[in-house]
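Ligands are counted one by one from 1 in listed order, and the atoms in each one are counted from 1 as well. Just so we're clear, the structure is a prediction, and the values are computed from it rather than from any experiment. FYI, side chains are in, hydrogens and waters are out, and symmetry mates aren't considered; it's all heavy atoms of this structure. One is the number of the first residue; the rest follow in order along the sequence.
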Amino acid sequence: MEAAFVNGRVLLDSGFSEDCAVLVRGEHISAIVAHDDPRVQACAHHHDLKGNILLPGFIDVQVNGGGGVLFNDAPTLDSIRRIGAAHRRFGTTGFLPTLVSDEIEVMRAAIGAVQAAIDAGVPGVLGIHLEGPYIAAAKRGAHDAARFRLPDAEEFELVCSLRGGRTVLTLAPEQAAPELVRAFRERGVIVSLGHSNASYEQARAALDAGASGFTHLYNAMSPLQGRAPGMVGAALEDAGSWVGIIVDGHHVHPASLRVARAAKPHGKLMLVTDAMPPVGADSGDFMLAGQRVITRNGRCENEQGSLAGSALDMAGALRNTIAWLDVPLAEAARMASTSPADFLDLSASRGRIAPGLVADLVELDADLQVRRAWTLGVAAA
Ligand code: ZN
């Protein structure tokens with residue numbers, strides 16, 4: 001049965017179109033046609049967008065929690081469902097549940113839960129992001145440094161074990177040698193660099209070994225200095241890698257974000273939320289790595305005053321990006337969808353509105369507030 005999305009401002013590869021209809025059959029976009037094409041009338045269902053904006057659904061590669069749930073606290077299938085539902089209200093139709101540094105048994109439970117979610121077809125679950133534990137105490141952020149280590153053979157196999165989804169692993173190259181980066185890469189793990197005090201040369205060696213991303217650029221990484229470019233310098237210089245940025249007004253100064261946009265090739269900046277339980281929940285405070293985290297004015301901070309993730313949702317990140325990076329909606333939308341899809345090597349199926357791709361879509365009003373979202377052609381409950 002085919003459905004038609006009509007009367008919208010639709011972001012296509014060529015830019016916004018106001019006179020097209022998006023046809024969806026089952027889980028996929030079947031065609032983009034003119035609004036007066038006879039196939040539109042032939043559709044069984046019509047979604048009247050009433051002049052609203054239709055974007056490719058947002059993809060968030062760093063989601064620690066939402067809906068009052070922290071993935072580390074309860075790495076279960078039910079948690080993943082609740083986190084996904086909380087974020088779908090803000091237009092996120094694809095995400096990686098993200099586990100911060102923890103013991104191997106928690107990692108095993110988390111990977112098992114994500115595997116179960118993928119196997120059960122839980123909407124939006126694209127894989128897992130393991131943020132640590134192969135990271136550096138000098139840039140621990142809100143992670144528990146007592147958990148930091150290197151993997152033995154058993155743990156290496158565990159990290160590589162997810163099937164049918166993507167695994168992103170954030171590691172610090174001064175902890176994990178290029179040989180380990182290469183070994184993960186050869187097993188299909190997407191290596192992102194972060195929580196690291198690495199020199200420029202160490203970061204560069206990890207890129208040469210196959211790392212392809214940087215986790216929350218600027219935050220918890222060695223800064224760019226004149227004689228010491230650090231990890232930030234390596235990230236900004238490298239043309240091939242993607243950088244995640246947290247555009248919540250607390251993690252990175254807008255000028256630094258604009259510098260990143262100027263330095264990186266088009267399509268290499270991706271919005272991430274680094275979201276914590278307060279997103280889509282009534283309560284703002286939670287426990288992380290044994291410490292109470294207080295949320296005030298959208299800022300999540302632990303007892304040491306370290307930022308502990310964010311209270312940001314993707315629609316908010318999109319609005320902030322337009323305002324602070326001074327970019328048009330089309331570019332901000334691609335940072336929220338196309339770029340992360342490319343980073344995850346999912347561009348053949350996600351990240352754009354085009355025939356053959358999955359029908360992951362988000363409708364926003366003129367104020368860029370989310371009205372509805374669809375995952376695989378199905379409207380969010
Ligand atoms: Zn982090």
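When only modelled atom types and interatomic distance are considered, S339 and D342 share no side-chain donor-acceptor pair under 3.5 Å. The closest side-chain donor-acceptor pair between S30 and E2 falls under 3.5 angstrom. In the model, E155 has a side-chain atom that pairs as donor or acceptor with a side-chain atom of Y134 under 3.5 Å.
Angle NE2(H216) to the Zn ion (ligand 1) to OE2(E131), rounded to 10°: 100°.
Using a cut-off of 2.8 Å, one finds that H195 contributes an N/O/S atom close to the Zn ion (ligand 1). Between the Zn ion (ligand 1) and D274 there is no N/O/S contact shorter than 2.8 Å.
Of the inter-residue distances, the one linking R166 atom CZ with L346 atom CG reads 4.5 Å to the nearest 0.5 angstrom.
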